[in-house]
Undergrad: 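Please find one structure pasted underneath; my questions will follow.
Position 1 is the first residue of the sequence, and the numbers go up from there.
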Amino acid sequence: MTRIKRGYIARKRRTKIRLFVSSFRGAHSRLTRTITQQKMKALVSAHRDRDRKKRDFRGLWISRINAVIRGNKKVSYIYSNLIHSLYTRQLLLNRKIVAQIAILKENCLFMIANNIIKT
C-alpha cells in the first residue's frame, strides 16, 4: 500500500486549536496533546461558569437589598417579607431592579416599602 501524506489538513486543525490557546502558559500552548486537553477544560469551565455567574449575581442583589432594608431604622422590614409583598401586590420589579433602586435611591425603595406596608 502506498503512503498517504495528510499534509496541510492536520496542520490546519492543529493551528486552529493553537490559536485558541495561544495565551496559555508553558506546555499548555506548545504541545499538541496538552493543547487539546486545555481547550476542552477551558470550554467546560466557560459553560459551567455562565450558569454560576447568574447565581452569583442573584445572591449579590439579594444581599444588597437586605442590607439597605435592614440598615434603616424607620422601616422594620426583612428582605423575604418585602419580596413576598411585592409579588402579592403584583408589582413587576425583579431583584436586579430593586437592588439598583436600593443602591442609587434609597428613599425611593423606602417609599415603595411604605406603600406596600400601608395597603
Side-chain angles (χ1 to χ4, degrees):
M1 235 174 144
T2 58
R3 179 172 171 252
I4 298 171
K5 295 177 10 179
R6 290 188 57 190
Y8 72 97
I9 295 171
R11 197 176 322 114
K12 192 167 77 170
R13 178 176 50 85
R14 286 189 203 111
T15 52
K16 190 165 64 172
I17 296 171
R18 196 160 268 145
L19 286 173
F20 181 84
V21 296
S22 61
S23 63
F24 293 3
R25 293 182 62 187
H28 298 311
S29 67
R30 289 189 185 90
L31 303 178
T32 305
R33 193 174 292 172
T34 52
I35 282 174
T36 55
Q37 291 171 356
Q38 290 303 310
K39 180 183 177 185
M40 282 192 290
K41 186 176 183 181
L43 291 174
V44 165
S45 297
H47 183 265
R48 180 192 63 227
D49 292 339
R50 275 196 291 276
D51 291 334
R52 183 78 217 169
K53 184 171 72 170
K54 293 175 182 65
R55 274 180 255 155
D56 290 342
F57 270 108
R58 184 182 167 101
L60 177 69
W61 297 329
I62 289 171
S63 59
R64 282 179 176 174
I65 294 168
N66 200 19
V68 171
I69 289 253
R70 286 179 186 248
N72 190 9
K73 302 299 179 193
K74 300 173 193 168
V75 181
S76 60
Y77 227 45
I78 301 171
Y79 166 79
S80 59
N81 293 342
L82 175 71
I83 293 297
H84 176 71
S85 20
L86 281 174
Y87 279 110
T88 53
R89 304 287 186 276
Q90 293 181 344
L91 293 174
L92 298 174
L93 293 173
N94 58 13
R95 287 166 180 81
K96 179 181 178 182
I97 301 299
V98 174
Q100 287 177 347
I101 291 171
I103 291 208
L104 298 175
K105 299 182 179 179
E106 289 183 25
N107 295 334
C108 186
L109 180 68
F110 294 127
M111 286 170 47
I112 293 169
N114 287 334
N115 286 338
I116 291 173
I117 291 172
K118 289 178 185 174
T119 57

Undergrad: Of the non-hydrogen atoms in Val68 and Ala102, which two are nearest, and what is the gap between them?
TA: CG2-O, 3.8 Å
Undergrad: Can you get from Leu91 to Tyr87 by hopping between Ile, Leu, Val, Met, Phe, Trp and Tyr side chains that sit under 4.5 Å apart?
TA: yes
Undergrad: Taking the side chain as C-beta and beyond, is there a heavy-atom pair between Thr32 and Arg18 under 4.5 Å?
TA: yes
Undergrad: Without placing hydrogens or testing angles, list every side-chain donor-acceptor pair under 3.5 Å for residues 53-62, not counting sequence neighbours.
TA:
residue: Lys54; atom: NZ; partner: Arg50; partner atom: O; Å: 3.3
residue: Asp56; atom: OD1; partner: Arg52; partner atom: NE; Å: 3.3
residue: Asp56; atom: OD1; partner: Arg52; partner atom: NH2; Å: 3.2

Undergrad: Should Leu31 and Val21 be counted in the same cluster of Ile, Leu, Val, Met, Phe, Trp and Tyr side chains packed under 4.5 Å apart?
TA: no
Undergrad: Does any part of the side chain of Val98, heavy atoms only, come nearer than 4.5 Å to the side chain of Ile112, both counted from C-beta?
TA: no
Undergrad: How long is the straight-line distance from CD of Gln100 back to NZ of Lys105, given to the nearest 0.5 Å?
TA: 11.5 Å
Undergrad: Step through the shown structure and confirm whether more than 12 heavy atoms of other residues, nucleotides or ligands are within 6.0 Å of CG on Leu92.
TA: no
Undergrad: Run the side-chain contact (heavy atoms from CB on, under 4.5 Å) check on Ile103 and Arg64 step by step: do they pass?
TA: CA-CA 8 Å; Ile103 291 208; Arg64 282 179 176 174; 3.3 Å; yes
Undergrad: Okay, side chain of Thr34, backbone of Ala27: is any donor-acceptor separation there less than 3.5 Å?
TA: yes
Undergrad: Once you round to the nearest 0.5 Å, how far does CG of Asn114 lie from OH of Tyr77?
TA: 9.0 Å
Undergrad: Rounded to the nearest 0.5 Å, how far does OG of Ser45 lie from CD of Gln38?
TA: 9.0 Å
Undergrad: Would Ile17 end up clustered with Phe24 when hydrophobic side chains under 4.5 Å apart are linked, directly or stepwise?
TA: yes
Undergrad: What about Ile116 and Met111, same hydrophobic cluster or not, with Ile/Leu/Val/Met/Phe/Trp/Tyr joined at side-chain heavy-atom distances under 4.5 Å?
TA: no
Undergrad: What closest approach, in Å, do Ser22 and Ser29 show between heavy atoms, and which atom pair accounts for it?
TA: O-CB, 4.3 Å
Undergrad: In Å, rounded to the nearest 0.5 Å, how long is the span from CZ of Arg89 to OG of Ser85?
TA: 6.0 Å
Undergrad: On a heavy-atom basis, which atom in Tyr79 and which in Ile65 lie closest, and how many Å separate them?
TA: CD1-CG2, 3.7 Å
Undergrad: Taking the side chain from Arg30 and the backbone from Gly26, do they hold a donor-acceptor pair closer than 3.5 Å?
TA: yes
Undergrad: Given Leu109, which partner from the list Ile101, Leu93, Leu104 fulfils the side-chain contact (heavy atoms from CB on, under 4.5 Å) test?
TA: Ile101
Undergrad: Please name the pair of heavy atoms, one in Phe20 and one in Leu43, separated by the smallest distance, quoted to 0.1 Å.
TA: CZ-CD2, 3.8 Å
Undergrad: If you apply the rule side-chain contact (heavy atoms from CB on, under 4.5 Å), what do you find for Arg95 with Ile83, and how did you get there?
TA: CA-CA 8 Å; Arg95 287 166 180 81; Ile83 293 297; 3.6 Å; yes
